Asker: 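Below is one structure. I have some questions about it.
Remember, it's 1-based here, ligands and their atoms both numbered in the order they're listed. Since the structure is predicted, the reported quantities are computational estimates derived from the model, not experimental observations.
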Amino acid sequence: MTHRRPLIAGNWKMNGLSGDGFELAEALVDGMADVETPAYDMLICPPFTLIGGIAALLDDSAIALGAQDCHAAEKGAHTGDISAAMLADAGCDFVIVGHSERRTDHGEDDATVKAKAEAAQGADLIAVVCIGETEAQRDAGETLDVVCRQIQGSVPGNSIAANTVVAYEPVWAIGTGRTPTNDEVQEVHAEIRKEISGLLGEEVAQGMRLLYGGSMKPGNAKDLLALADVDGGLIGGASLKAEDFFGIAQSCP
Ligand code: 13P
């Protein structure tokens, strides 16, 4: 079986001013320096305003830096937006695209998300493409159909494991303290990998990291991260406390 190195990713969302944001980044850098041979990759995705400052803080650290969104265009008349090239220039390695909060707050559909992922890949960033069903879709038994449709619609057709990560985040599990059962998570992840295999080929599918996101905490991380098709986590609330974030990271098998 292909070994996929776990990725522990923190999505800070719209949290962090220079005081607490830099303090958190520094605590993570210090914490990571104490881990002798981490069994995982660590990524943090602060808000745009902190990216430049945190890039400098992470300079010699093993922690990777990402943003939470990018525009699909290379440059131009898009007031308030940030291009993938700008993120790469600012020191990012990754960018999250298609988070459910972007899909909801900004009306992003699969085609927009795919265009953003293509832009990210084109700027040599790794795109973290987010998908996941709403509570109504789960209750209607549509979860597998929804995530497969989102994979087809949001993941660029020439993606490879080196430039793409997929994050499964059930919308109803985000920030709620609720999660699917471990069996349900594994079932969805296995289906996602199968769908990626159909889209991109079995070799790419076997190499691609699939993250689980939605109320991941130190207390449930060990079981979730042990699932065969879960290759890390995309963590919101618990990524804002260094101790909790490391608690999750240290739960990697
Ligand atoms: P929580 O970990 O706060 O549930 O957020 C998950 C998420 O949306 C990460 O992108």
Asker: Students should find this: residues with any non-hydrogen atom under 4.0 Å from ligand 1. What is the answer?
Answerer: N11, K13, H99, E169, A173, I174, G175, G214, S215, L234, I235, G236, G237
Asker: In the hydrophobic clustering (ILVMFWY, side-chain contacts below 4.5 Å, transitive), which residues join L7, or is it alone?
Answerer: L43, F94, I96, I126, V128, V165, L211, L234
Asker: Classify the angle between the aromatic ring planes of H189 and Y212 as parallel (below 30°), tilted (30 to 60°) or perpendicular (above 60°).
Answerer: tilted
Asker: Should K116 and D69 count as an ion pair when the cut-off is N to O under 4.0 Å?
Answerer: yes
Asker: Flag the pair Q121 / N158 as yes when at least one side-chain heavy-atom distance between them is below 4.5 Å, and no otherwise.
Answerer: yes
Asker: Count the heavy atoms belonging to other residues, nucleotides or ligands that lie under 6.0 Å from CD of E74, then report whether that count exceeds 12.
Answerer: no
Asker: So S159 and V204, side-chain contact (heavy atoms from CB on, under 4.5 Å) or not? Walk me through it.
Answerer: CA-CA 8 Å; S159 300; V204 173; 5.8 Å; no
